[in-house]
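Here's the structure, in structure tokens; my notes come after.
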Amino acid sequence: MNAFALPQIKARVESPVASAARKGLSTQPKRLPPWLFYDADGSRLFDQITHLPEYYLTRTEREILAANSTEIIAQAAQSGGTGQAKLLITELGAGSADKTRLLLKAAVERQGQVIYEPVDVSASALETARTRIEEEIPGVHVAPRLMDYTHGLKVEQAGAGERRLVLYIGSSIGNFEPRPAAQLLRGVRGGLQPGDTLLLGVDLVKDESTLMAAYNDAAGITARFNLNMLARLNRELGADFDLRAFAHRAVWNQDKSRIEMHLESLAAQRVRLASLGLEVRFRAGERIHTENSYKYAPGQVEALLSATGFAPESTWTDARGWFAVCLGHAE
Ligand code: AVI
């Protein structure tokens with residue numbers, strides 16, 4: 001035997017899905033992180049959610065962008081009193097081509113050619129965005145960036161006469177608690193130069209019945225989206241969750257100004273996660289917290305921008321005041 005042989009240490013490197021499940025199901029109260037929603041099935045279900053009659057968010061933000069994209073692009077190009085800059089557009093999340101298209105078209109009209117950088121952790125989402133956008137909008141060159149932007153934005157500095165416009169639309173910031181949301185935006189600011197801009201879309205507080213309906217749709221698609229998280233653990237970790245023994249629950253938490261999504265165990269039961277060698281017990285009525293979706297009060301989005309290194313410039317909203325899109329420049 002080699003005298004220098006290292007002791008046999010069985011290193012177990014778990015996948016992010018495995019560690020999230022082990023950690024979240026071994027703590028009290030149980031919770032699973034919302035990024036677990038988005039495997040291929042979950043992404044398809046989310047796309048269906050965005051077309052539901054009750055899910056006003058996507059439609060309303062699109063309405064705002066349709067009415068104001070020319071002005072938004074013009075403001076971003078002139079932001080910080082730097083004259084007329086050429087915009088380089090970065091989007092956090094690969095984005096539904098649908099809403100992004102409105103801004104890209106306005107940018108092409110203004111400057112002829114645009115470089116568009118979708119940033120995402122999913123290579124397939126980036127590839128879909130690239131083909132869709134390049135096919136649909138001549139003048140846009142898509143430069144995908146495979147990256148986790150929640151730990152800071154690492155991008156090249158915009159060139160002379162250029163400004164970067166970062167899009168964080170779709171109210172995705174609402175899925176972060178206040179402190180991580182501010183950390184995320186500070187991380188984005190860290191990758192930008194003064195005069196670069198951020199366009200942030202947020203869902204606003206409104207009457208409870210409208211909010212509740214958006215997360216409890218009659219067709220049951222949001223329930224399937226929520227339950228898909230357990231189906232995913234069955235597929236990827238050899239778990240034996242019985243999907244009929246859990247129910248989708250979405251509730252409005254007034255104190256925290258957020259919709260919470262949970263999966264409630266309908267009976268006392270044990271679930272095995274074979275590849276983790278883990279058995280998890282549930283009491284009847286016990287819940288797994290899967291998502292928060294924060295709803296902002298008017299003025300709160302500007303305060304968030306100011307607190308994270310951006311000077312708010314303009315906010316656009318819809319006629320009902322249900323959703324807001326706010327532009328701020330890096331100070
Ligand atoms: C992606 N995010 C903004 C959605 C939301 O409304 O918070 C996710 C979602 N959850 C349930 N329905 C949609």
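Start at 1 and go down the list; that is how both ligands and their atoms are numbered. Predicted model, so just to flag it, every value in this text is computed and none were measured.
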Atom pairs, nitrogen or oxygen, ligand 1 to protein, under 3.5 angstrom:
| residue | atom | partner | partner atom | Å |
| --- | --- | --- | --- | --- |
| ligand 1 | 2 (N) | Asn175 | OD1 | 2.9 |
| ligand 1 | 6 (O) | Tyr55 | OH | 2.5 |
| ligand 1 | 6 (O) | Tyr215 | OH | 2.6 |
| ligand 1 | 7 (O) | Asn175 | ND2 | 2.9 |
| ligand 1 | 7 (O) | Ser293 | OG | 2.6 |
| ligand 1 | 10 (N) | Glu291 | OE1 | 2.7 |
| ligand 1 | 10 (N) | Glu291 | OE2 | 3.4 |

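More than 12 heavy atoms of other shown residues, nucleotides or ligands fall within 6.0 angstrom of atom CD in Glu71. Other residues, nucleotides and ligands contribute more than 12 heavy atoms inside 6.0 Å of the CZ atom of Arg235.
The pair Arg59-Glu63 fails the salt-bridge criterion, with no side-chain N (NZ, NE, NH1 or NH2) lying under 4.0 Å from an Asp/Glu carboxylate O.
Under the 30°/60° scheme for interplanar angles, the aromatic rings of Phe46 and Phe225 are found to be tilted.
For the ring pair (Phe, Tyr, Trp, His ring centres under 6.0 Å) test, residues two or more places apart in sequence or in another chain that qualify with Tyr168 are Tyr149.
Judged by a 6.0 Å distance limit and a 45° cone about the ring axis, Lys30 is positioned over the six-membered ring of Phe282.
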